[in-house]
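Working notes for the structure below.
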Amino acid sequence: MRTLIQQRLAKLEELRKRGIEPYPYRFVQTHHAADIKAAYENLAATEAKVKAAGRLMSKRPHGKSCFGHMRDLTGDIQIYFKVDDLGSERFDLLDLIDIGDTIGVEGTVFKTRTGEITIRVSDYELLAKAIRPMPEKWHGLKDRETRYRQRYVDLAFNMDVREIFIRRAKTIRAMRKFLDERGFIEVETPVLQPIYGGGNAEPFTTYHKALDMSLYLRIADELYLKRLLVGGLERVYEISKDFRNEGMDRTHSPEFTQLELYQAYADYFDMMELFEQMMEYLALELTGSTEITYQGTKIDMRPPWRRLSIPEAVKRFADVDIETCTDDDLRRVCMKISDQDWQAAKRGTMIDEIIDHFVEPNLVEPTFLLDFPTETSPLAKVSRRDARFAERFEPYAFGIELGNAFSELNDPMRQLQNFRMQREDGKEIDYDFVRALQYGMPPAGGLGVGVDRLVMIFTNSHSIRDVILFPQMRPEPDLSEEFDGL
RNA sequence: GAGCGUGUAGCUCAGUCGGUAGAGCACCUGCCUUUUAAGCAGGAAGUCCUGGGUUCGAUUCCCAGCACGCUCACCA
């Protein structure tokens with residue numbers, strides 16, 4: 001390692017000695033690799049000069065000529081250096097250019113005997129010297145730890161990883177377009193919150209020096225967005241980072257992206273339709289088809305999605321009738337799942353447990369799971385059909401929970417009551433939110449969507465870490481000694 | 001938090017039933033003007049994750065730790 005870096009540093013010095021700046025300021029690109037391939041016929045016929053830039057990926061010297069591949073945003077293109085074209089001084093200088101260096105080339109386009117489109121370089125320029133050795137050309141960088149920690153190397157060498165993040169950007173762009181077209185206003189609400197709410201998750205805590213107060217990083221945007229409905233904004237959404245101080249696994253990251261939207265005068269049925277339509281729209285925008293294959297399973301996103309009530313689902317997958325069974329019956333089922341203490345557990349908590357364990361894994365085809373127990377849904381309206389349940393649903397596909405939605409509770413006194421129940425579990429009440437409801441919030445449907453999870457589905461990624469550029473990691477051992485003596 | 005797995009050259013990986021380690025690519029030195037996982041010849045490169053223990057001797061066995069992965073638990 002040390003010697004490899006030293007060798008390259010020596011080349012860097014040699015370049016400077018020959019009056020070449022290894023880190024110049026600017027290069028004007030006229031074509032990307034993909035442009036050149038697309039416009040090949042014309043470029044070759046007119047012998048037009050192209051200027052392309054990128055990272056040198058391979059180098060195959062043959063005495064007085066040299067082939068290589070260069071990679072830019074759009075892909076790879078072969079480049080060909082010849083002593084006849086460059087003169088011996090410029091040609092010999094190639095010895096000081098390493099794989100991994102960023103270079104700019106100028107030249108004409110031709111096809112080699114084997115038919116590969118290639119730039120015949122008439123002049124070239126070093127744009128940035130790389131002094132660290134690159135991963136292997138054939139196998140690339142595989143080590144997951146290095147890929148996550150040094151995502152820049154992962155992106156530079158694994159084109160499919162780039163593709164994931166490009167598609168992620170497209171997903172979010174399409175989401176915005178879909179909502180903007182329907183009259184939604186994009187807003188920004190506080191990340192730093194004095195009281196956290198809108199979920200039951202554990203928050204991250206931080207501290208503001210000037211105000212001498214502790215603050216929470218938001219776990220959800222819900223309570224602020226609903227205040228905007230009180231203010232008359234009618235349709236709002238926010239795409240934001242939320243933070244939850246809890247375990248990590250393939251579908252949970254402590255820092256994740258959520259879409260939350262609220263629509264006045266709508267209920268949760270409207271949210272189901274909106275969600276279905278959005279998923280169909282996204283699938284078509286991203287893949288051109290409503291059929292999505294994820295980890296080997298193919299499903300069709302086309303509306304309408306299956307609607308399955310919790311009582312039905314539990315009956316079907318766990319063989320328990322929660323409409324007639326006693327708390328003790330539920331307790332017995334929960335005991336089978338895990339041997340923790342269920343004696344004091346609330347009915348809603350036990351039903352959640354049964355859903356997690358027996359129902360979720362079965363929700364592979366697109367499904368709305370609806371009518372959750374009221375105890376675990378304090379921000380939702382009670383069902384018009386059955387007062388034991390809330391008008392709430394969660395959309396599922398491939399067994400992954402993709403969101404959460406309700407007919408939003410807008411009765412201030414009932415909301416206060418629900419908050420007071422939660423306070424028994426040590427949760428602070430957001431009185432300002434209740435005050436806002438006292439001014440009157442229109443009836444509304446609300447929907448939260450896990451953006452990272454959508455991206456997982458649309459990119460066939462197994463883990464949420466694969467769709468987050470810099471996933472959270474424990475610190476690596478001290479790097480400073482790698483730099484000692486440099 | 002628990003169980004299992006992984007950690008060896010810059011990268012991808014072998015290997016040592018306990019005797020201080022190998023391959024391919026990358027790197028260095030030669031030769032080669034349409035090659036392409038270029039080729040040929042020669043060379044250099046390792047704290048075998050860390051710390052203890054057993055042993056004449058540990059990269060290998062044992063214990064503890066660290067990092068990462070998978071599964072489970074936690075998570076409205």
Side-chain angles (χ1 to χ4, degrees), chain A residues 1-8 10-11 57-69 76 78-86 91 95 98-100 110-116 118 120 130-150 153 157 197-202 219-220 222 244-254 256 337-340 346 348-349 351-353 355-357 369 372-380 390 392-394 401 403-406 418 422 425 427 448 462-463 465-466 471 473-477 481-482:
Chain A
M1 180 71 178
R2 197 118 207 132
T3 43
L4 293 170
I5 289 180
Q6 296 293 359
Q7 275 168 359
R8 286 177 172 230
K11 289 183 183 178
M57 301 302 290
S58 62
K59 202 177 157 193
R60 295 180 292 280
H62 298 270
K64 294 190 162 44
S65 73
C66 179
F67 281 93
H69 276 91
D76 293 358
Q78 182 163 254
I79 49 184
Y80 179 46
F81 302 89
K82 252 174 104 167
V83 68
D84 300 342
D85 297 333
L86 289 165
F91 186 81
D95 290 342
D98 290 304
I99 291 171
F110 76 107
K111 264 187 193 169
T112 60
R113 272 183 205 149
T114 50
E116 181 165 355
T118 304
R120 180 167 172 165
I131 57 173
R132 218 170 246 274
M134 300 294 138
E136 204 232 343
K137 63 183 170 189
W138 191 245
H139 300 91
L141 180 65
K142 280 189 169 171
D143 183 72
R144 293 183 89 85
E145 186 173 351
T146 313
R147 288 186 41 219
Y148 294 150
R149 284 194 198 283
Q150 298 178 245
V153 186
F157 285 83
N200 202 24
E202 193 67 26
I219 58 169
E222 177 150 2
R244 297 191 179 174
N245 207 340
E246 280 157 7
M248 302 161 66
D249 60 33
R250 87 182 186 89
T251 56
H252 291 85
S253 167
F256 65 104
I337 299 169
S338 77
D339 47 8
Q340 66 191 85
K346 283 190 232 161
T349 312
I351 292 172
D352 276 345
E353 179 71 15
I355 292 165
D356 278 359
H357 195 264
L369 191 62
F372 284 66
T374 52
E375 304 96 83
T376 52
S377 311
L379 298 162
R392 171 180 168 199
F393 74 86
E394 289 182 351
E401 178 194 331
N404 190 12
F406 355 110
N418 288 353
Q422 280 192 302
D425 305 330
K427 196 123 188 261
H462 173 75
S463 167
R465 289 183 196 99
D466 294 322
M473 291 265 159
R474 287 194 166 88
E476 61 184 318
E481 58 186 67
E482 277 197 36

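Convention: sequence-line order gives letters A, B, ...; per-chain numbering from 1.
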- Message: Regarding A/Lys142, tell me which of base, sugar-phosphate or nothing describes its non-hydrogen contacts under 4.0 Å with the strands shown.
- Response: sugar-phosphate
- Query: Of the nucleotides B/rU35, B/rA76, B/rC11, which one has an atom closest to the side chain of A/Asp352?
  - Reply: B/rA76
- Nearest-Å distance once atom C1' is located in both B/rA73 and B/rU16: 39 Å
- Which whole number of Å gives the distance between the P atom of B/rG39 and that of B/rG57? 46 Å
- Nucleotide B/rA76, atom C1' - distance to CD1 of A/Ile355 in whole Å: 10 Å
- Task: Could you work out the separation of B/rC48 and B/rG19 based on their P atoms and round it to a whole Å?
- Result: 15 Å
- What nucleic acid atoms does A/Glu353 come within less than 4.0 Å of, heavy atoms only: base, sugar-phosphate, or nothing? sugar-phosphate
- Message: Just the rounded figure in Å: distance from C1' of B/rU33 to CZ of A/Phe110.
- Response: 11 Å
- Note on the structure: Taken to the nearest whole Å, CD/A/Glu136 to P/B/rA9 is 14 Å
- Is A/Gly68 touching bases, backbone alone, or none of the nucleic acid, heavy atoms closer than 4.0 Å? nothing
- Is the side chain of A/Arg392 donor-acceptor paired with the backbone N or O of A/Phe406 at a distance under 3.5 Å, no angle test? no
- Quickly work out the A/Glu116 CD to B/rA37 P distance and round it to whole Å. 10 Å
- Message: Can you measure A/Met57 atom CE to B/rC11 atom P for me and round it to whole angstrom units?
- Response: 16 Å
- Base, sugar-phosphate, or nothing for A/Pro61, non-hydrogen atoms under 4.0 angstrom? base
- In B/S/- notation, 5' to 3', how is nucleotides 64-71 of chain B contacted by protein heavy atoms closer than 4.0 Å? ---SSSSS
- Please indicate whether A/Arg474 has more than 12 foreign heavy atoms, meaning atoms of other residues, nucleotides or ligands, lying under 6.0 Å from its CZ. no
- Task: With heavy atoms under 4.0 Å as the rule, sort A/Gln78 into base, sugar-phosphate or nothing.
- Result: base
- Query: When all nucleic acid strands are considered with a 4.0 Å heavy-atom cut-off, which category describes A/Lys11: base, sugar-phosphate, or nothing?
  - Reply: sugar-phosphate
- Same-atom distance (P) from B/rG1 to B/rC61, integer angstrom: 27 Å
- Task: Select one nucleotide: of B/rC28, B/rA76, B/rG10, the one nearest the side-chain heavy atoms of A/Leu4.
- Result: B/rG10
- Which nucleotide in the list B/rC28, B/rA76, B/rU33 gets nearest to the side chain of A/Asp98? B/rC28
- For atom CG of A/Asp95 and atom P of B/rC27, their distance in whole Å: 12 Å
- Query: Atom CD1 of A/Ile5 to atom C1' of B/rA26: distance rounded to whole Å?
  - Reply: 14 Å
- Base, sugar-phosphate, or nothing: which does A/Gly198 touch, judged by heavy atoms less than 4.0 Å apart? base
- Task: Sticking with atom P, work out how far B/rU8 lies from B/rG51, rounded to a whole angstrom.
- Result: 16 Å
- Ranking B/rU12, B/rA76, B/rU35 by distance to the side chain of A/Leu141, first place goes to B/rU12
- So which nucleotide from B/rC28, B/rU36, B/rU34 ends up closest to the side chain of A/Arg60? B/rU36
- Candidates B/rU12, B/rA76, B/rU35 - which lies nearest the side chain of A/Asn404: B/rA76
- Between B/rC74, B/rU33, B/rC27, which nucleotide has the shortest distance from any of its atoms to the side chain of A/Lys64? B/rU33
- Query: In whole Å, what separates the P atom of B/rC62 from that of B/rC4?
  - Reply: 13 Å
- Item | C1' atoms of B/rG22 and B/rG15, separation to the nearest Å | 7 Å
- Which nucleotide sits closest to the side chain of A/Ile99: B/rA76, B/rU12, B/rC27? B/rC27
- Task: Apply the test salt bridge (charged side-chain N to carboxylate O under 4.0 Å, His left out) to residues A/Asp466 and A/Arg144: give CA-CA distance (whole Å), side-chain angles for both, the deciding distance (0.1 Å), then the verdict.
- Result: CA-CA 10 Å; A/Asp466 294 322; A/Arg144 293 183 89 85; 3.4 Å; yes
- Note on the structure: A/Tyr80 has its side chain closest, among B/rU36, B/rA76, B/rU33, to B/rU33
- Euclidean distance, atom CZ of residue A/Phe67 to atom P of B/rU35 [Å, nearest integer]: 7 Å
